Structures are given as C-alpha cells and as structure tokens.
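Heads up, the thing below is written out as structure tokens.
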Amino acid sequence: MSARSTRAVSTPAVSTRTVSTRTVSTRTVLVVGLLVALVVAGVLSSYASGSPDGLNRVALDLGFADAERASAAGDGPLAGYEVAGADPRWSGGLAGVLGCLMVLACSSLFHLLRRSPRAVATQGD
Amino acid sequence: MHVPDGFLDAPTSIATAAAAATAIGLALRGARRELDERVAPLAGLVATFVFATQMINFPVAGGTSGHLMGGALAAVLVGPYTGILCLTVVLGVQAMLFADGGITALGTNVVLMGVVTVVVGYAVARAVQLVLPRRLPMVAVAAALGAIASVLASAAVFVGLYSAGGAVPIPLDTLLTAMLGVHTLIGVGEAVITFLVVASIVSVRPDLVHLARPVLVTRELETRLVAA
C-alpha cells in the first residue's frame with residue numbers, strides 16, 4: 001500500500017482509537033470478571049497456603065493466639081469454608097462458589113443506592 | 001488479618017463497632033454520588049472478586065501466609081464510599097456464614113479491612129497520581145502504591161487497637177515491629193494483585209475505573225484542543 005492511502009485513513013484512525021476503549025462491552029467485563037471470581041473461589045482456593053496468616057503468625061509468636069474464642073457462627077453449615085456433609089474434595093470449592101453467590105446477592109444493595117436514570121440523564125454522560 | 005473473637009476486649013470491640021457503623025452510614029450517603037447504572041453492577045462484581053481473592057492465601061516468609069485485603073483495589077475501581085460498602089458486604093458474609101473473623105470482632109474487621117484500607121489506599125493512590133504523569137498506565141502504579149500503604153496502615157491500626165484493649169499484655173514496640181514486618185511482605189502481594197487487576201481493566205475499559213476518570217477527562221480536553 002502506498003503512503004498516500006495510509007495517510008488517507010489516518011484521520012479516521014484517530015477517532016477509532018478513541019472508540020476502541022469501548023469495544024469491550026460492560027457486559028463482557030462483568031461476565032469475565034464473575035467467571036474469574038468463580039474459578040478463583042471454586043478451583044484455585046484449594047491451592048491456597050494453609051499456613052497461619054500474618055496476624056495469626058504474630059499472635060502465635062507473641063503469645064496471644066490462645067485468647068481466640070470460637071465464633072458464634074462456628075457451627076454454621078459453611079463455617080471454615082467447608083460445606084457440612086460434602087465430599088472433602090469439593091467442599092472448599094463449593095463453599096467458595098456459594099460465598100461468591102451470597103456476596104453477589106448482598107450486592108443488590110448497590111442497585112438500591114444508585115442514582116435514578118433521570119438524575120444520570122440530566123447530568124449527561 | 002481477620003481478627004477473631006477474644007483478641008480485643010469488649011469496650012474496644014464496642015468502640016470499633018460504633019466507628020464501623022458511622023463509617024458505613026457515611027459511605028451509604030456518599031456512595032449515591034458514585035453509583036450510577038454502570039457502576040452499580042461493577043460494585044457487585046468488585047465485592048464478589050474481593051471475596052474470591054481473599055480465599056487465596058499466598059505464602060510469605062517463614063510458614064506464614066497472607067491474602068489480598070482489597071480495600072485499595074475496591075476504592076480505585078468503584079470509588080472510596082462504594083469501596084467501603086463492598087468490603088463491608090464481604091466481611092459480613094465471611095463472619096456470618098464462614099466464621100472467618102469473629103462476630104463480636106466484625107466492627108473491628110470492618111474498621112481495619114473495610115475502612116482503613118479503603119481510606120488510606122485511596123488517599124495514597126490519589127496523592128501518587130498527582131505526582132506521576134497524567135497517563136493511563138500510571139493509574140495501576142498509583143493503585144499498587146496505595147495497596148501496600150493500605151496494608152501497613154491496617155496493621156498499624158490493629159496495633160493501636162490492641163494497645164487499647166488487647167487480651168494479653170504485649171510490649172507495643174514488639175507488636176508493632178512484628179505486625180509491620182510480616183505485613184510489609186503481605187503488602188507487596190497486595191500491590192502486585194492490585195496492579196494486575198487495575199492494569200487489566202484500564203487496558204480494556206479505563207472509563208470503568210474510578211481513579212482513571214481524572215486522566216480521561218484531561219485526555220479528552222487535550223484531544224479537543226488539538227482538533228480545534
């Protein structure tokens with residue numbers, strides 16, 4: 001292709017570049033993000049380190065770990081990221097997926113709080 | 001970092017619960033300005049993603065692990081008020097359903113991981129953004145620096161709370177050194193995860209990232225100036 005034809009498309013190319021930031025739809029971002037979260041909670045979580053976390057390590061080292069009291073929620077069916085009665089191979093991942101769905105359900109709060117479409121429209125986009 | 005029941009005494013736990021309730025009240029008001037048709041579903045995704053990622057404990061030195069707290073990440077993606085609400089939902093579900101973090105310690109955990117991380121993470125990210133060049137790739141860098149600062153701040157605030165109402169007397173400087181030491185390593189992990197997630201979303205849809213909006217506004221103005 002000649003240099004002239006390249007130059008001929010260069011002007012539209014600038015506007016295409018501005019538009020290209022929107023080629024991935026919000027819906028796609030949401031679906032991909034949710035799938036990543038479900039895979040992380042459902043599959044990758046079984047590869048997580050079982051070592052005590054930073055606070056628990058410090059509590060063990062400095063001698064206040066024994067002050068811990070069992071949570072009142074400790075007898076619940078999902079306590080400790082295990083599904084009571086489920087096969088140990090699937091229990092953790094299943095608990096993670098159920099937790100994701102629970103958080104997602106609680107997040108309907110955000111839809112109740114959002115600005116009304118009219119308020120958004122008057123503000124412009 | 002999830003504080004279990006029993007580490008802090010009742011007066012301290014009541015005080016943190018009151019502080020958490022106040023912060024949530026302010027966040028509920030402030031979030032109305034951040035949430036629109038586009039951000040509301042994204043906030044649900046951010047909460048879900050933070051919950052999922054908090055299940056991944058990554059090893060740090062010496063038989064110790066850490067996981068993402070996610071406050072800085074949430075604040076950078078959907079705004080600080082909405083970020084506080086995202087983390088509150090996550091911490092509430094964890095305490096009630098999974099017995100992760102105590103019930104009487106829920107206020108403490110909301111303060112440490114839902115408020116301190118969001119406020120410090122967002123403030124540091126904004127401050128870094130003012131210093132760095134106003135370009136989109138810098139958004140993830142600012143977020144990462146906010147992330148490590150947020151973890152250290154959370155660890156320091158825990159030490160403050162423990163000194164006010166800890167179960168077993170521990171010398172304050174010993175506790176501070178231990179907490180900041182291990183949480184520096186965890187903070188590096190937090191920064192890496194935050195950088196990767198923010199950079200990914202900025203690369204495909206910068207307009208969805210709260211912290212990228214000032215940069216986008218500048219860029220649009222510059223484009224018009226050149227066109228005219």
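Protein chains get the first letters and strands the later ones, always in sequence-line order, with residue 1 at the start of each. None of the values given here were measured: they were computed from a predicted structure.
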Next item on the list: Enumerate by number any residue of residues 60-71 of chain B whose heavy atoms lie under 4.5 Å from heavy atoms of chain A; in the absence of such residues, state 'none'.
Entry: B/Gly62, B/Gly63, B/Thr64, B/Ser65
Side chain, backbone, both or neither: which part of [X] has a heavy atom under 4.5 Å from chain A?
X: B/Leu208; value: side chain
X: B/Val3; value: both
X: B/Ala105; value: neither
X: B/Leu185; value: neither
X: B/Ile170; value: side chain
X: B/Leu42; value: both

Check: Top residue by heavy-atom pair count (under 4.5 Å) with chain B, among A/Gly76, A/Gly33, A/Cys106?
Finding: A/Gly33
Check: Taking every heavy-atom pair that is under 4.5 Å apart, which of A/Cys100, A/Ser45, A/Ser108 has the most such pairs with chain B?
Finding: A/Cys100
Less than 4.5 Å apart, side chain to side chain, heavy atoms only: is that true for [X] and [Y]?
X: B/Met179; Y: A/Leu55; value: yes
X: B/Phe58; Y: A/Ser49; value: no
X: A/Ser51; Y: B/Asn57; value: no
X: B/Pro41; Y: A/Arg27; value: no
X: B/Ile186; Y: A/Asp53; value: no
X: A/Val40; Y: B/Met55; value: no

Notebook entry, point to check: Do any of residues 79-89 of chain A have a heavy atom less than 4.5 Å from a heavy atom of chain B, and if so, which, in residue order?
Noted result: A/Ala79, A/Gly80, A/Tyr81
Quick one: pull up [atom1] in [X] and [atom2] in [Y] and give me the separation to the nearest 0.5 Å.
X: A/Leu78; Y: B/Leu97; atom1: CG; atom2: CG; value: 5.5 Å
X: A/Met102; Y: B/Phe51; atom1: CE; atom2: CZ; value: 10.5 Å
X: B/Thr174; Y: A/Asp61; atom1: OG1; atom2: CG; value: 12.0 Å
X: A/Leu38; Y: B/Phe49; atom1: CG; atom2: CZ; value: 11.5 Å
X: B/Thr104; Y: A/Arg69; atom1: OG1; atom2: CZ; value: 5.5 Å
X: B/Asp5; Y: A/Glu68; atom1: CG; atom2: CD; value: 8.0 Å

Crowded around [X] [atom1]? As in, over 12 foreign heavy atoms under 6.0 Å?
X: B/Arg29; atom1: CZ; value: no
X: B/Asp9; atom1: CG; value: yes
X: B/Met1; atom1: CE; value: yes
X: A/Phe110; atom1: CZ; value: yes

Is it the backbone or the side chain of [X] that comes under 4.5 Å from a heavy atom of chain B, or both, or neither?
X: A/Val36; result: side chain
X: A/Ala70; result: backbone
X: A/Leu109; result: side chain
X: A/Val29; result: both

Between [options], which shows the greatest number of heavy-atom pairs under 4.5 Å with chain A?
options: B/Ala178, B/Ala43, B/Ala31, B/Gly166; result: B/Ala43
options: B/Leu45, B/Leu28, B/Val78; result: B/Leu45
options: B/Ser200, B/Gly181, B/Ala52, B/Pro169; result: B/Ala52
options: B/Pro59, B/Ala155, B/Ala167; result: B/Pro59

Check: Closest approach of B/Ile103 and A/Ser71, non-hydrogen atoms and distance?
Finding: CG1-OG, 3.6 Å
Next item on the list: I would like to know whether A/Leu113 and B/Leu85 meet side-chain contact (heavy atoms from CB on, under 4.5 Å); could you show each step before the answer?
Entry: CA-CA 11 Å; A/Leu113 282 174; B/Leu85 298 179; 3.6 Å; yes
Check: Parallel, tilted or perpendicular for A/Phe64 and B/Tyr162, by the 30°/60° rule?
Finding: tilted
Next item on the list: Please test B/Val39 against A/Arg114 for side-chain contact (heavy atoms from CB on, under 4.5 Å), starting from the C-alpha separation and ending with a verdict.
Entry: CA-CA 8 Å; B/Val39 178; A/Arg114 73 171 194 267; over 6 Å; no
Check: Is it the case that B/Arg38 and A/Thr26 place a side-chain donor and acceptor less than 3.5 Å from each other?
Finding: no
